[in-house]
Number of protein chains: 2
Amino acid sequence: MSTRVPQERRRRRPTRSGVLLSEDLIVETALRLIGEHGPEALSVRRLGAALGCDPTALYRYFHGTDDLVLAIADRIIGDAMAGFAPGDDWVASLREMALRVRAGYLAHPRAAAMAAHRVTRRRNEIRAVDTGIGLLLTAGFPPADAARLYLAFIDTVLSHAAAEAAFQALPPQQPEADRRSWRDVYQGLDPATYPSLTAVRPELPAMADSSFEQAVDLLLEALAARARARR
Amino acid sequence: MSTRVPQERRRRRPTRSGVLLSEDLIVETALRLIGEHGPEALSVRRLGAALGCDPTALYRYFHGTDDLVLAIADRIIGDAMAGFAPGDDWVASLREMALRVRAGYLAHPRAAAMAAHRVTRRRNEIRAVDTGIGLLLTAGFPPADAARLYLAFIDTVLSHAAAEAAFQALPPQQPEADRRSWRDVYQGLDPATYPSLTAVRPELPAMADSSFEQAVDLLLEALAARARARR
DNA sequence: ACATTGGGTCAACCCTGTTGACGTAAGGCG
DNA sequence: CGCCTTACGTCAACAGGGTTGACCCAATGT
């Protein structure tokens, strides 16, 4: 069963339960499964059951589990970037890309948590990379810098978004306990042992909030400064 | 076989092969297993084989796989931060903190990938937060800024390190395939559809490299600029 | 020396991904 | 229109995973 997976299939045939399979339908069903029952609910067997087909039918569409995960990741990217067009302001455009990716991840936290760290090699990802590098080229960076800086930018965005998604994907008690720990544990510390924490004590509850935008803004500041310096 | 795992065990009994089990020995063997035979070598059965005991003997020491992973993560954190002391240069010190965290994660990628997004508010972590915020306070930031900026910094470091660890923790063919994809897939693209990728084509192989230091340096640049601006 | 019980072992269960063989029906082509 | 090829859904099987309950021996406190 090491076969290739064709791009367009022509002899579509209903399954035993009457469903017409397709790559899109499989990915959508996988996303629904993960969203409803958690990442560990995604297995070939369960997915087959949810689709109303034999589990091994999926191997006609994906080489294996990993291939399916990549398709899911690319779908999330595609949904997030749908309708995005870069504007004149390259900083603002990169910022919007970041916020879109984050929103896409948070729309499917559990799926994003499992697929976030992969390079999908698929259409939506490639298009996004092209757009992002294009923005840095219009900013005046030479190609070598544009590629490397885009990588640092998108890796920061993706890993931040993945961390946020993973946090949201935890069982509901856990984020709440985590939030409390910033209030309770850190507030009762010995001032002599932890002087700096004591100095910023009133600010600690705010540390349960997301740092996504702060980090992105810092990064864009640095990029803008470097672009200015090269004029 | 229910639940309780005693902290001190007194009736230690040699296994069939003569080994005396202990929580420490199990954790060390698990880390060695991962280091020698790759991340996928960590399974209850293989760990039992490596220890020379029945796999299910481990359930006398840990409630399950998850419990074992947390014990491993605990050790990684301790090892990474051992012996760190902040110096006079706050930027350099934050940089060293970042590199230490990254090194600790990459030393045990799979365990780090599994536990990276779970927050253990333990002593080592609290001390690290105190140190980091202290560095930003000496940089001249007011408490509110120091706390928020430190959060953005450490979240970037942690999520980047987690992403790198997750990448390394994948089965050995996958990172290699991901790496190749930057060379192969992206190199043969249509110039009209992907003009920016075409423009930076010679740089694409470098995009398989890590962006960790680049991202950290950009972030530290932005922080230094803000510190300068407030004088 | 005895009773207690911690803990190592074994067998078993159900899960997982993946494969090769099989047959049926869909579509191209005469 | 009907044959022929073959795409693709199905089935059975395998190896490996985590986890459990029963078993029973020996290390320990008395």
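Residue numbers begin at 1 in each chain, while the letters A, B, ... track the order of the sequences.
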**Check: G52(A) main-chain N/O paired with S17(A) side-chain donor or acceptor under 3.5 Å** = yes
**Request:** Quick one: do D79(B) and R75(B) satisfy salt bridge (Lys or Arg N to Asp or Glu O under 4.0 Å)? Show the steps, please.
**Result:** CA-CA 6 Å; D79(B) 288 353; R75(B) 166 160 306 208; 5.2 Å; no
What is the distance, to the nearest angstrom, from the [atom1] atom on [X] to the [atom2] atom on [N]?
{"X": "L68(A)", "N": "dT18(C)", "atom1": "CG", "atom2": "P", "answer": "10 Å"}
{"X": "L20(A)", "N": "dA7(D)", "atom1": "CG", "atom2": "C1'", "answer": "14 Å"}
{"X": "H63(A)", "N": "dC8(D)", "atom1": "NE2", "atom2": "P", "answer": "13 Å"}
{"X": "F62(B)", "N": "dT19(D)", "atom1": "CZ", "atom2": "P", "answer": "13 Å"}
{"X": "I26(A)", "N": "dC8(D)", "atom1": "CD1", "atom2": "C1'", "answer": "12 Å"}
{"X": "D67(A)", "N": "dT18(C)", "atom1": "CG", "atom2": "P", "answer": "10 Å"}
{"X": "L47(B)", "N": "dG18(D)", "atom1": "CG", "atom2": "P", "answer": "9 Å"}
{"X": "D54(B)", "N": "dC25(D)", "atom1": "CG", "atom2": "C1'", "answer": "15 Å"}

**Request:** State, to the nearest 10°, the angle formed by the axis through the first five base pairs of the helix from dA1(C)-dT30(D) to dG30(C)-dC1(D) and the axis through its last five.
**Result:** 10°
I'd like a table of atom pairs between the protein and nucleotides 13-17 of chain D - only N or O on both sides, under 3.5 Å - with the distance next to each one.
unit_1  : atom_1 : unit_2 : atom_2 : d
dG17(D) : OP1    : S43(B) : OG     : 3.1
dG17(D) : OP1    : R46(B) : NH2    : 3.4

**Message:** With nearest nucleotide decided by heavy atoms, which residue, P55(B) or R13(B), maps closer to the 5′ end of DNA chain C?
**Reply:** R13(B)
**Request:** Starting from the 5' end of DNA chain C, give me the residue, C53(B) or T65(A), whose nearest nucleotide shows up first.
**Result:** C53(B)
**Request:** Give a yes or no on whether a donor-acceptor pair under 3.5 Å exists between the nucleobase atoms of dG8(C), that is its base, and the side chain of R60(B).
**Result:** yes
**Prompt:** With sequence neighbours left out, what residues match R127(A) under side-chain contact (heavy atoms from CB on, under 4.5 Å)?
**Reply:** R123(A), N124(A), Y194(B)
**Message:** D54(A): which residues meet the side-chain contact (heavy atoms from CB on, under 4.5 Å) condition with it, sequence neighbours left out?
**Reply:** T56(A)
**Message:** Would you say Y59(A) places a side-chain N or O within less than 4.0 Å of OP1 or OP2 belonging to dT10(D)?
**Reply:** no
**Prompt:** Is the shortest side-chain N/O distance from Y61(A) to OP1 or OP2 of dC8(D) below 4.0 Å?
**Reply:** no
**Message:** Side chains of S22(B) and R12(B): any donor to acceptor distance under 3.5 Å?
**Reply:** no
**Minimal non-hydrogen separation, A152(B) against L218(A), with atom names** = CB-CD1, 4.1 Å
**Fill in**
d(F212(A) CZ, D155(B) CG) to nearest 0.5 Å is 11.5 Å
**Request:** Please name all residues satisfying salt bridge (Lys or Arg N to Asp or Glu O under 4.0 Å) with R32(B), sequence neighbours left out, ordered by chain then number.
**Result:** E36(B)
**Complete:** Sorted by chain and number, sequence neighbours left out, salt bridge (Lys or Arg N to Asp or Glu O under 4.0 Å) with R148(A) holds for D145(A)
